[in-house]
Student: 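Quick one: structure below, then a few questions.
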Amino acid sequence: MATRVMKMQAEVIREGELEKRSDSLFQLWKKKLVVLTKDSLSLFPDGHSKRAKGKELGFGSILKVDCVERTGKYIYFTIVTKDRKEIDFRCPDQSCWNASITMALIDFQNKRAIQDFKSRQELEQAAGTQERRLARAP
């Protein structure tokens, strides 16, 4: 666990406070300590350190940041997961958390797409080499 905390601290893009709408009947807004890294968004209960058990939203499980709405005081946005779960957040108007999360998510998705493309290319090249060897065999 200690290596995970050290790894997380080394890759922090941004850290601060966001409000998350609770899933309860009253849907109250609850403050969360948020840590954005190149791979995830971690949420910790308000007033707790990063050592407390938090919830990690890995970018591999996030589909998009959606429904951005600006009011006089807040920016409201929704993180949509690949299983279509919607998690609502709000932040002070000038904090631009939605933009920070969106940019980190796009960067993650672009890197993953490049890795997938390179992997497919390598597989195709390996298959082509194998076919040429078989064609030359007596």
Side-chain angles (χ1 to χ4, degrees):
M1 181 70 173
T3 56
R4 181 165 168 70
V5 171
M6 287 173 27
K7 179 183 170 192
M8 191 169 148
Q9 289 173 345
E11 300 172 355
V12 171
I13 296 171
R14 186 169 179 188
E15 184 176 326
E17 193 176 86
L18 268 179
E19 291 184 53
K20 178 185 171 288
R21 190 189 321 247
S22 70
D23 295 329
S24 69
L25 177 65
F26 298 110
Q27 295 188 341
L28 302 172
W29 290 99
K30 295 187 178 183
K31 291 183 180 181
K32 301 288 183 182
L33 170 63
V34 181
V35 179
L36 177 65
T37 68
K38 65 179 186 162
D39 299 316
S40 67
L41 182 69
S42 296
L43 310 168
F44 301 92
D46 184 40
H48 292 78
S49 71
K50 290 180 282 183
R51 290 192 177 107
K53 184 169 169 60
K55 179 178 182 178
E56 183 178 45
L57 295 170
F59 286 153
S61 68
I62 296 176
L63 188 62
K64 61 182 174 176
V65 177
D66 202 8
C67 299
V68 177
E69 179 183 337
R70 177 175 271 126
T71 64
K73 188 175 180 182
Y74 293 106
I75 295 174
Y76 294 84
F77 61 97
T78 302
I79 291 179
V80 181
T81 62
K82 289 188 175 177
D83 60 356
R84 302 290 186 216
K85 181 179 178 190
E86 295 183 355
I87 307 165
D88 296 327
F89 292 93
R90 73 179 182 186
C91 58
D93 186 33
Q94 299 300 314
S95 72
C96 300
W97 264 103
N98 58 309
S100 297
I101 295 167
T102 299
M103 294 304 293
L105 177 62
I106 289 169
D107 189 50
F108 175 87
Q109 290 171 337
N110 285 343
K111 286 178 181 171
R112 179 163 284 178
I114 290 168
Q115 287 174 340
D116 291 347
F117 177 76
K118 286 181 179 178
S119 294
R120 276 194 306 271
Q121 262 188 331
E122 289 170 4
L123 285 172
E124 288 170 4
Q125 287 174 352
T129 302
Q130 182 68 19
E131 286 175 13
R132 284 191 294 275
R133 283 186 194 150
L134 291 175
R136 283 186 265 157

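Along the sequence shown, residues are numbered consecutively beginning with 1.
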Student: Keeping the roles fixed (side chain from Lys82, backbone from Gly60), state whether a donor-acceptor pair exists under 3.5 Å.
Tutor: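 Answer holds: yes.
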Student: Let me know which of Lys20, Lys32, Lys30, Arg21 forms a salt bridge (Lys or Arg N to Asp or Glu O under 4.0 Å) with Asp88.
Tutor: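 Per the salt bridge (Lys or Arg N to Asp or Glu O under 4.0 Å) rule, the option paired with Asp88 is Arg21, out of Lys20, Lys32, Lys30, Arg21.
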Student: State whether Asp116 and Arg120 are salt-bridged, where the test is any N-O pair (Lys NZ or Arg NE/NH1/NH2 against Asp/Glu carboxylate O) under 4.0 Å.
Tutor: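 Between Arg120 and Asp116 there is no salt bridge, as every charged N stays at least 4.0 Å from the carboxylate O atoms.
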Student: So, taking the atom named CG in Leu33 and the one named NZ in Lys31, what distance separates them when rounded to the nearest 0.5 Å?
Tutor: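 Between Leu33 CG and Lys31 NZ, I get 12.5 Å after rounding to 0.5 Å.
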Student: If Ile, Leu, Val, Met, Phe, Trp and Tyr residues are connected whenever their side-chain heavy atoms lie under 4.5 Å apart, and connections chain through other members, are Val80 and Val65 in the same group?
Tutor: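 No, because Val80 and Val65 fall into different hydrophobic clusters, even though each may have its own neighbours under 4.5 Å.
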Student: Do Ile75 and Ile87 share a hydrophobic cluster, counting only Ile, Leu, Val, Met, Phe, Trp and Tyr and linking them when any side-chain heavy atoms are less than 4.5 Å apart?
Tutor: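 Yes: a chain of side-chain contacts under 4.5 Å links Ile75 to Ile87.
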Student: Would you give the length of the straight line joining atom CZ of Arg90 to atom OG of Ser95, rounded to the nearest 0.5 angstrom?
Tutor: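 Between atom CZ of Arg90 and atom OG of Ser95 there are 12.0 Å.
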Student: Among Phe89, Tyr76, Tyr74, which one satisfies ring pair (Phe, Tyr, Trp, His ring centres under 6.0 Å) with Trp29?
Tutor: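 That would be Tyr76; it is the only one of Phe89, Tyr76, Tyr74 passing the ring pair (Phe, Tyr, Trp, His ring centres under 6.0 Å) with Trp29.
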Student: If you measure from CG on Asp23 to CG on Leu28, what distance do you get to the nearest 0.5 Å?
Tutor: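 Output value for this atom pair is 11.5 Å.
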Student: Looking at side-chain heavy atoms only, is the closest gap between Phe59 and Arg112 below 4.5 Å?
Tutor: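 Answer no - side chains too far apart.
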Student: If we count only N and O atoms by modelled type, under 3.5 Å, do the side chains of Asp39 and Thr37 hold a donor and an acceptor together?
Tutor: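 Note: Asp39 and Thr37 side chains miss the donor-acceptor criterion.
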Student: Using the rule that two of Ile, Leu, Val, Met, Phe, Trp, Tyr join whenever any of their side-chain heavy atoms come within less than 4.5 Å, decide whether Phe44 and Val12 are in one cluster.
Tutor: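 Result: yes, single cluster for both.
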Student: Do you know which two heavy atoms are closest between Ile13 and Ala104, and how far apart they sit?
Tutor: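 Scanning both residues completely, I find the closest heavy atoms to be CD1-CB, 4.0 Å.
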Student: So, taking the atom named CG in Leu41 and the one named CG in Leu105, what distance separates them when rounded to the nearest 0.5 Å?
Tutor: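 Here the rounded value is 10.0 Å.
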Student: Could you tell me whether the side chain of Thr102 reaches within less than 4.5 Å of the side chain of Phe77, counting heavy atoms only?
Tutor: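 They are not in side-chain contact.
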Student: Would you say the side chain of Trp97 lies within less than 4.5 Å of the side chain of Arg14, judging by non-hydrogen atoms?
Tutor: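 Counting from C-beta outward, Arg14 and Trp97 do come under 4.5 Å.
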Student: Between Val34 and Ile101, is any pair of side-chain heavy atoms under 4.5 Å apart?
Tutor: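 A side-chain contact is absent here, since even the closest heavy-atom pair is not under 4.5 Å.
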Student: Taking Lys64 first and then Asp66, would you say they form a salt bridge - that is, a charged N and a carboxylate O separated by under 4.0 Å?
Tutor: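 Salt bridge between Lys64 and Asp66, a charged N being under 4.0 Å from a carboxylate O: yes.
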Student: For the atom pair CG (Leu57) and OG (Ser40), what is the distance rounded to the nearest 0.5 Å?
Tutor: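 So the gap between those two atoms works out to 8.0 Å.
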Student: For the NZ atom of Lys111 and the CG atom of Asp107, what is their distance to the nearest 0.5 Å?
Tutor: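 If we round to the nearest 0.5 Å, Lys111:NZ and Asp107:CG are 4.0 Å apart.
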Student: Hey, any chance Val68 and Ile79 share a hydrophobic cluster, counting ILVMFWY side chains that come within less than 4.5 Å of each other, even indirectly?
Tutor: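 Yes: a chain of side-chain contacts under 4.5 Å links Val68 to Ile79.
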Student: Minimum heavy-atom separation for Cys91 and Leu18, please, with both atom names.
Tutor: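 Closest pair (atom of Cys91, atom of Leu18, distance): CB-CD2, 3.4 Å.
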Student: Look at the side chain of Ser61 and the backbone N and O of Thr81, then say whether any donor-acceptor pair between them is shorter than 3.5 Å.
Tutor: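 Not at all, since once roles are kept as given, no pair shorter than 3.5 Å links the two residues.
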